[in-house]
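One structure is given here, and the rest of the page talks about it.
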Amino acid sequence: MNSSLLSGLNPEQRQAVTLPHQSALILAGAGSGKTRVLTTRIAYLISTGAVSPQGILAVTFTNKAAKEMVTRLSAMLPINTRGMWFGTFHGLCNRMLRAHHRDANLPQSFQILDSGDQLSAIKRLMKAMNVDDEKYPPREVQNFISSSKEQGLRANEVEAFDPYTRRKVEIFAEYDAQCQREGVVDFSELLLRCYELLSRNAAIREHYQERFKHILVDEFQDTNKLQYQWLKLLAGDKNALFAVGDDDQSIYAFRGANVGNMQQLTRDFHVENVIKLEQNYRSHGNILDAANALIQNNRNRLGKNLWTAENGGEQLRVYEAATDVDEAAFIVDEIKQLHSEGVNLKEIALLYRSNAQSRVLEHALVSAGLSYRVYGGLRFFERQEIKHALAYLRLMENTDDDNALLRIINFPTRGIGTRSIEQLQEAAKQNNTTLFDAAARAGGKVSAFVALIESLRSATRELPLPEIIDHVLQRSGLIAHYQNETGVKKREAEERLENLNELINAAALFVHENEDDSLTSFLTHASLEAGEHQAGDQDDALHLMTVHSSKGLEFHTVFITGLEEGLFPHQNSQREDGGLDEERRLMYVAITRARRRLYLSFAQSRMLHGQVSYGMVSSFLRELPEGLLHWITPRVTARNSFASSKSTPVSPLLSGGVLAPSPENGRAGEELGWRIGQRVFHQKFGEGVITGVEGSGADARVQVNFKRAGSKWLALEYAKLTAM
DNA sequence: CGCACGTGGTTTTTT
DNA sequence: ACCACGTGCG
């Protein structure tokens, strides 16, 4: 065994890496070397001869994480990583389903629907079923279907006690039937179908159980019920399930992640000792102390406390801005300062709770000439022109794919209108065939389309992948279509042409990197790895992203912005069970992204949904120990008195200006000294902010958004309000 | 067919 | 405020 593998590991990491053949739960805090432990464990198992590389199944959630593991493993051991089963849940299920497509009752070249494809399939089906899409919004139906599948439930297993749900179940059943006819599977179907394959087919199940002696799972706290069942099935009663996760970083309950799987695993697999990795190698002490203090407010934690050998470092810098624009201006100033001190822009992240918040920040950054990258936009394989190109390829591969046909039968336009398409759908239904078959029997322009697809197919049969795509792009008319764009759309079309060209490059790269360079394989790749947004790693640019997408990353300096009650924690989270705890975990994730410097900022007012809204400081900020914080803006506890607020700013201590009240509200009640944005205290309701003023004299009323009690209208004559 | 205008919604997201 | 989507007109 290569003993250098273990050098540099702390005792807990070493214990985890060198565990005997048994199932384990590794509770790995932020920055505790989780990925290192996972990959070193694999390297350890292989190099001690405990298992061959083929005997390992390593599962992650993202392709990026899977790639990272392979890269790090091959740096540790000189092994051929090809043929190893490292991948995402979806990727691995896809692999099994391709290998056993007959047993899974799927065509060999089944196609994968991404969420967008799934939604259009559902809309199309609902139209055919005459379902009122006002009463049953397609998105809701989609959620219903996906979340049912993610619980491991088929349509006939979903409990439906009311007519509304029963109808959705009917749509669910029809949808699955439609997918089956068309030879396509959606994301959750990949998992469910694979689970069913393994549970129903003993021979296949035993084959894989025999093979995968060690199953390792990353980000285990993010697994849903179905994923856990799938893992259990593969583990059987002999194999070792090595799960690494952090319950404090569980931020995906809204998409079905079930933290309870961690507890469940310890029971199901008789895990006696949960190994905790609590030493953090990322952040300075004050940052960790803040994170620890915050997360201690959560109930039902498995429990762990991060510590570091580093010193305390700086205090956390807190800034209270008058407006969102001022907040952005402050951030820009600080970034300029940091940059001049030698901190690279790419070592700085601006985090926010919701995407809409990036706008103001971007505006300020553009004006300041600072380069930045926003994460989480439209991804390469999701672009319209790419989806069109792929639809041609998919239809060539599988003519049953009605989704693909409908996308391109009239794009570029070839005179096949809604009427003709309806006739086709009618005919297909009558003869119980696919749209393509129906089209083959039609005449005129429709048959010309069929001929086009046939000719694309025969002309490209012998060509290598990039040339197939090139041919299709040319002959389908896609290229010509975008080349013919003029006027305002010219620029957009040029970009689309570039992307189409990039698709050929992507195919060339794919052929270079993959053994299986078939079209089916490439199409699968396109669905399952929608592609990182852009390369651009070498540019020195700031990172702008939601707190969610920051998970797993780290930066020298982090700005957590918009720390206002209602925004972060988000308003909508209050309604959901355990919602506030999840928001707190989100804040925990945000804090622990920072290595050296952390800024926390909030604004007294910000533009939200086209309206100025007034918020209070986030309760999360109040949960941080004062001693760790350095208030850059003076800490204000008693605000200007009530009489003076008429003509002076809400807070005279603010550096920036103050919001002008909207005219109609500004007059009303103003003579009493109350105005929008004013912070007030009420004996019964506590702290709040005035969000509306109405009437005058004895009739004057104010609307106050109370932190605890919510929004209320109060008659000024009776209510005892004090300015804060 | 394609554009213009109107309407509703607006937390987080990977596969 | 802004965007995505759908309908109706030229």
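Here is how names work: the chains are called A, B, and so on, in the same order as the sequence lines, proteins then strands, and each is numbered from 1.
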Counting heavy atoms not belonging to A:Asn300, are there more than 12 under 6.0 Å from its CG?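 Atom CG in A:Asn300 is not crowded, with 12 or fewer foreign heavy atoms closer than 6.0 Å.
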Whole-Å gap separating [atom2] ([N]) and [atom1] ([X]):
X	N	atom1	atom2	value
A:Leu567	B:dT12	CG	P	11 Å
A:His90	B:dT15	NE2	P	9 Å
A:Gln357	C:dA1	CD	P	18 Å
A:Met545	B:dT14	CE	P	11 Å
A:Arg193	B:dT15	CZ	C1'	17 Å
A:Gln611	C:dC2	CD	P	14 Å
A:Arg575	B:dT11	CZ	P	12 Å
A:Arg95	B:dT15	CZ	C1'	17 Å

Check whether NZ of the Lys or CZ of the Arg [X] lies under 6.0 Å from the centre of the six-membered ring of [Y] and within 45 degrees of that ring's axis.
X	Y	result
A:Arg373	A:Tyr375	yes
A:Arg154	A:Phe172	no
A:Arg255	A:Tyr252	yes

Measure the spacing between CE of A:Met69 and CG of A:Leu216 and express it to the nearest 0.5 Å.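 Rounded to the nearest 0.5 Å, the CE-CG separation comes out at 6.5 Å.
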Let's see if you can work this out: which of [options] has an atom nearest to the side-chain heavy atoms of [X]?
X	options	value
A:Arg353	C:dC2, C:dA1, B:dT11	B:dT11
A:Thr88	C:dG6, B:dT15, B:dC1	B:dT15
A:Asn410	C:dG6, B:dT15, B:dC1	B:dC1
A:Thr413	B:dT15, B:dT11, B:dG2	B:dG2
A:Thr62	B:dT15, C:dC3, B:dT11	B:dT15

Where is the tightest heavy-atom contact between A:Leu231 and A:Ile215, given as atom of each residue plus distance?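 Closest heavy-atom pair between A:Leu231 and A:Ile215: CD2-CG2, 3.9 Å.
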Base, sugar-phosphate, or nothing for [X], non-hydrogen atoms under 4.0 angstrom?
X	result
A:Glu576	base
A:Asp114	nothing
A:Asn63	sugar-phosphate
A:Ile416	sugar-phosphate

Measuring only the C1' atom in each nucleotide, how far is C:dC5 from B:dT12? A whole number of Å is fine.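 C:dC5 and B:dT12 have their C1' atoms separated by 22 Å.
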Please state the C1' separation for the pair B:dT11 and C:dG6 - nearest whole angstrom.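 One C1' to the other, the span is 25 Å.
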Does any N or O in the side chain of A:Thr71 come within less than 3.5 Å of the main-chain N or O of A:Lys67, such that one atom is a donor and the other an acceptor?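 Checked: pair present.
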Look at the side-chain N and O atoms of [X] and state whether any lies under 4.0 Å from the OP1 or OP2 oxygen of [N].
X	N	result
A:Thr546	B:dT13	yes
A:Asn355	B:dT11	no
A:Asn572	B:dT12	no
A:Ser549	B:dT12	no
A:Ser354	B:dT10	no
A:Arg379	B:dT14	yes

Centroid-centroid under 6.0 Å between A:His388 and A:Tyr482 rings: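 Not close enough - the centres of the two rings lie 6.0 Å or further apart.
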Assign each of A:Gly415 and A:His609 to its nearest nucleotide of DNA chain B by heavy atoms, then name whichever residue's nucleotide is nearer the 5' end.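 Residue closer to the 5' terminus by nearest nucleotide: A:Gly415.
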A:Thr418 or A:His548: which one's nearest nucleotide on DNA chain B is closer to the 5' end?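 So the residue in question is A:Thr418.
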Go through residues 247-262 of chain A and report each residue with a non-hydrogen atom lying under 4.0 Å from DNA chain B, sorted by number.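 Correct list: A:Tyr252, A:Phe254, A:Arg255.
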Indicate whether A:His570 forms a stack on B:dT11; treat it as stacked only if centroid distance is below 5.5 angstrom and interplanar angle below 30 degrees.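 It does: the two rings, one from A:His570 and one from B:dT11, meet the stacking criterion.
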Suppose we screen for ring-ring contact (aromatic ring centres under 6.0 Å, His included). Which residues come up paired with A:Phe555, at least two apart in sequence or across chains?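 Expected list: A:His543.
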